[in-house]
Amino acid sequence: MTERLAEYLRERRWFAAKSREISHADVVEEVPLPGGLRLTFVDVVFGAGTHETYQLLWAADGEEDVLDRRAGTLLELMRAGADVAGAESVVRFRALGEIPEVAGGPAGLRPMGAQQSNSSVVLGEALALKAYRRVEPGVNPDLELTRFLTEHGFEHVAALHGWYEIEGAAVNATLGQLQAYVPGRDGWSLALGELAGADGDGDRLRALGETVGEMHAVLASEPNDPAFAPEEPSQEAIGLLTATIDEEIERIFATLRDDAAVAPIAGRGEEVRDRLRMLGQVAVGGRVIRLHGDLHLGQALLAEDGRWVVLDFEGEPTRPLPERRRKRSPLRDVAGMLRSLAYAASASELQRGTPAPEGWEERAREAFLDGYFAYVDRSLLPPSDAAVRQLLSIYELEKAIYELRYEMDSRPDWVPIPVAGVLRLLDDGA
């Protein structure tokens, strides 16, 4: 059983630890559901002694991983507000308001694209059910933020309709959520289309900036809710942030390869660290709030009705869940989007052989920032424009260093993109 489970998990796209040595994999609990289904929890233990837990939806007759075909059962359990008991845990299904009816029955179900760490199913082209395959203790920030934005009337999110969670002796965790299905095109493909001359102009990016600014204002609108109330950042927090980035810079520059892609920054590690220290001394002020945490063009959808919709509030999946729930400056989200625009400008040539028009990235940045600053609550930001730019530079550097490490390991042809991001910081300093 252990070997079969381990092999089965390795073959799943959403399994997050394909490169790690599995010591053993065991079913730790099964919760029976109506219709002959079993919500199955598998504990995977690795050679280092660490472990991860995953959820599967299996049929009682042995058919494996039937989420795509039987998601309607989970929908009906949410509609009923059911509590389903297992041997040691209770799985609770909950609805937020009245869940819309969907057409098509089982024939109306289809998987949503290629999921990397979760599994999503579209029901009747009206609802989308997302199952978090890896079970992590605590409230998933995707559920937490989507619910908050839905309850506060934010129109630029796929409205939450329900969720399910497990409560037991071993773990309390979010298992999945049900949202409105919003058809449209993601911001990444739109940006590449614009660069190729197939789509419109920068007005959409200004509207996207307005959406992100409004989102941050809404997320900061509940001063009496401890989970969302804005807080004053401490100098210690800025110091910890810059110290963490500083350590990463030192590690990466110590292992840079001797090739043309990294030549522009080779030997400049100390210069980058000096620039970071200077930024850290002046980038103070503003407030920290709950935020998206992994914002980029692929997490924004231009809906068919013309509005931008922000997706996937889980945060960076490689970071622990408590860290993803931490309050930070809203400029961290802004930096993520600016780095995504830099990637789009370069990817146009890498993926399509079409160089970005001269000055496109600068114009795109300006359009997005104009929209953002017009809508965000300015009390969330440092008081002076200079301090805003300094703090934004720190977060752009954090993102570029993260990108540099990733591209060196995974996509060497893309290394010049984060290298250019580091150079931008040095040039701005000059």
Under the ring-ring contact (aromatic ring centres under 6.0 Å, His included) test, residues paired with Tyr402 that sit two or more places apart: none
Side chain to side chain donor-acceptor pair (under 3.5 Å) partners of Ser346, counting only residues at least two apart: none
Non-neighbouring partners of Arg12 that pass side chain to side chain donor-acceptor pair (under 3.5 Å), sequence neighbours left out: none
Residues in side-chain contact (heavy atoms from CB on, under 4.5 Å) contact with Arg38, at least two apart in sequence or another chain: Glu30, Thr40, Trp58
Residues His292 and Asp333: side-chain donor-acceptor under 3.5 angstrom: no
Distance-only check: which donor-acceptor pairs under 3.5 Å involve side-chain atoms of residues 206-215, not counting sequence neighbours?
from, atom 1, to, atom 2, distance (Å)
Arg206, NE, Glu210, OE2, 3.3
Thr211, OG1, Ala207, O, 3.1

Polar contact flag, side-chain donor to acceptor under 3.5 angstrom, Tyr372-His216: yes
Partner set under ring-ring contact (aromatic ring centres under 6.0 Å, His included) for Tyr395, not counting sequence neighbours: none
Proximity of His156 and Phe154 rings by center, below 6.0 Å: yes
For Gln177, all residues meeting side chain to side chain donor-acceptor pair (under 3.5 Å), sequence neighbours excluded: Tyr132, Gln179
Side chain to side chain donor-acceptor pair (under 3.5 Å) involving Ser221 - partner list, sequence neighbours excluded: none
Under the ring-ring contact (aromatic ring centres under 6.0 Å, His included) test, residues paired with Tyr164 that sit two or more places apart: Phe93
Counterpart residues, salt bridge (charged side-chain N to carboxylate O under 4.0 Å, His left out), relative to Asp68 (two or more places apart): none
For residues 95-111, run the donor-acceptor check on the side chains, cut-off 3.5 Å, and write out each pair with its distance to 0.1 Å, sequence neighbours left out.
from, atom 1, to, atom 2, distance (Å)
Arg110, NE, Glu125, OE2, 2.7
Arg110, NH2, Glu125, OE1, 3.1
Arg110, NH2, Tyr181, OH, 3.0

Distance under 6.0 Å and angle within 45° of ring axis: Arg133 vs Tyr54: no
side-chain contact (heavy atoms from CB on, under 4.5 Å) involving Glu271 - partner list, sequence neighbours excluded: Arg268, Leu426
